[in-house]
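Quick notes on the structure that follows.
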Amino acid sequence: QVQLVESGGGSVQAGGSLRLSCVASGLDSGTDCMGWFRRAPGKEREAVATIYTDAGTTYYADAVQGRFTLLRDNGENTLYLQMNSLKPEDTAMYYCAATLLPIRAGGCARLRELYFGSWGQGTQVTVSS
């Protein structure tokens, strides 16, 4: 059973940085894509970034491109989201997610929540102006 545990959220002023971590356990060959999603108050959950784990290829939502970086430490089964130049509109609960069935690079690139079957509990990020 895949388990994902996020940490690293907090409060920061606009322009600041945070680094989120997601420790994964129970991964098997069904997981070939992992990622970060977020849900802002009053809004639907949206994709932030994903990584096709077989190749290490990353994909980003337009809203975070150039500011956020997704990294993976294979040895520690840990996924990181380095967030720089944070904006108030980045305020949200951030969730780590993993696929339970292979979706290949093409599926991973689509940044679609539907493909992800395992989710963490989330970590809150608050950015003040």
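Because the structure is predicted, anything quoted here is derived from the model rather than measured.
Here the side chains of Thr123 and Ser7 are not in contact, with every heavy-atom distance at 4.5 Å or above. Taking the side chain as every heavy atom from C-beta outward, Val23 and Asn77 never approach each other to under 4.5 Å. Annotation: side chain of Leu101 is not in contact with side chain of Ile103 (no heavy-atom distance under 4.5 Å). For the pair Phe68/Val48, a side-chain contact is recorded, criterion being any heavy-atom separation below 4.5 Å from C-beta on. Residues Phe116 and Cys33 are in side-chain contact: their nearest non-hydrogen atoms beyond the backbone lie under 4.5 Å apart. Side-chain contact between Tyr80 and Arg19: present, with at least one pair of heavy atoms (C-beta onward) separated by less than 4.5 Å.
No path of Ile, Leu, Val, Met, Phe, Trp and Tyr side chains, each step under 4.5 Å between heavy atoms, connects Leu111 with Tyr95, placing them in separate hydrophobic clusters. Under the 4.5 Å side-chain contact rule for hydrophobic residues, Ile51 and Leu4 share a cluster. No continuous path of ILVMFWY side-chain contacts below 4.5 Å connects Met34 to Tyr59, so the two sit in separate hydrophobic clusters.
Both the sub-6.0 Å distance and the 45° axial angle are not jointly satisfied by Arg110 relative to the ring of Tyr115.
One finds no salt bridge joining Glu44 and Arg39 here, because no Lys/Arg side-chain nitrogen approaches an Asp/Glu carboxylate oxygen to under 4.0 Å. A salt bridge links Asp90 and Arg67; the closest N-O separation between the charged side-chain nitrogens and carboxylate oxygens is under 4.0 Å.
One finds the CD atom of Gln13 at 12.5 Å from the OG1 atom of Thr126 (value rounded to the nearest 0.5 Å). How far NZ of Lys43 is from CD of Glu89: 8.0 Å, rounded to the nearest 0.5 Å. Summarising the geometry, atom CG belonging to Asp54 is positioned 9.5 Å from atom OG belonging to Ser29; distances are rounded to the nearest 0.5 Å. To the nearest 0.5 Å, atom OG of residue Ser129 and atom NZ of residue Lys87 are 13.5 Å apart. To the nearest 0.5 Å, atoms CD (Gln121) and SG (Cys96) are separated by 11.5 Å.
Between the side chain of Asp32 and the backbone N or O of Arg104 there is at least one donor-acceptor pair closer than 3.5 Å. Not one N or O on the side chain of Glu6 forms a donor-acceptor pair closer than 3.5 Å with the backbone of Leu20.
Residue-environment remark: CG (Asp28) exceeds the threshold of 12 foreign heavy atoms within 6.0 Å.
Checked options Thr69, Val125, Val64; the residue passing with Met83 is Val125 (criterion: side chain to side chain contact (heavy atoms under 4.5 Å, CB included)).
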Are Thr91 and Gln124 close enough, and set up right, to give a side chain to side chain contact (heavy atoms under 4.5 Å, CB included), and what steps lead you there? CA-CA 8 Å; Thr91 295; Gln124 177 68 38; 4.1 Å; yes

Carefully, step by step, assess Thr78 and Asp73 under the rule side-chain hydrogen bond (donor to acceptor under 3.5 Å, both in side chains). CA-CA 5 Å; Thr78 302; Asp73 183 330; 6.0 Å; no

Could you walk me through whether Thr58 and Tyr52 pass the side chain to side chain contact (heavy atoms under 4.5 Å, CB included) check? CA-CA 6 Å; Thr58 52; Tyr52 178 54; over 6 Å; no

Side chain to side chain contact (heavy atoms under 4.5 Å, CB included) between Thr53 and Arg72: does it pass, once the steps are laid out? CA-CA 8 Å; Thr53 56; Arg72 186 183 184 213; 3.3 Å; yes

Passes side chain to side chain contact (heavy atoms under 4.5 Å, CB included), Leu71 versus Leu79? Steps please. CA-CA 6 Å; Leu71 304 164; Leu79 199 65; over 6 Å; no

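Nearest heavy atom pair, residue Leu18 against residue Gly10, reads CD1-O, 3.9 Å. Of all heavy-atom pairs spanning Ser17 and Ser85, the tightest one is OG-N, 4.4 Å.
Taking the six-membered ring for Trp and the full ring otherwise, Phe37 and Trp119 have centroids separated by under 6.0 Å.
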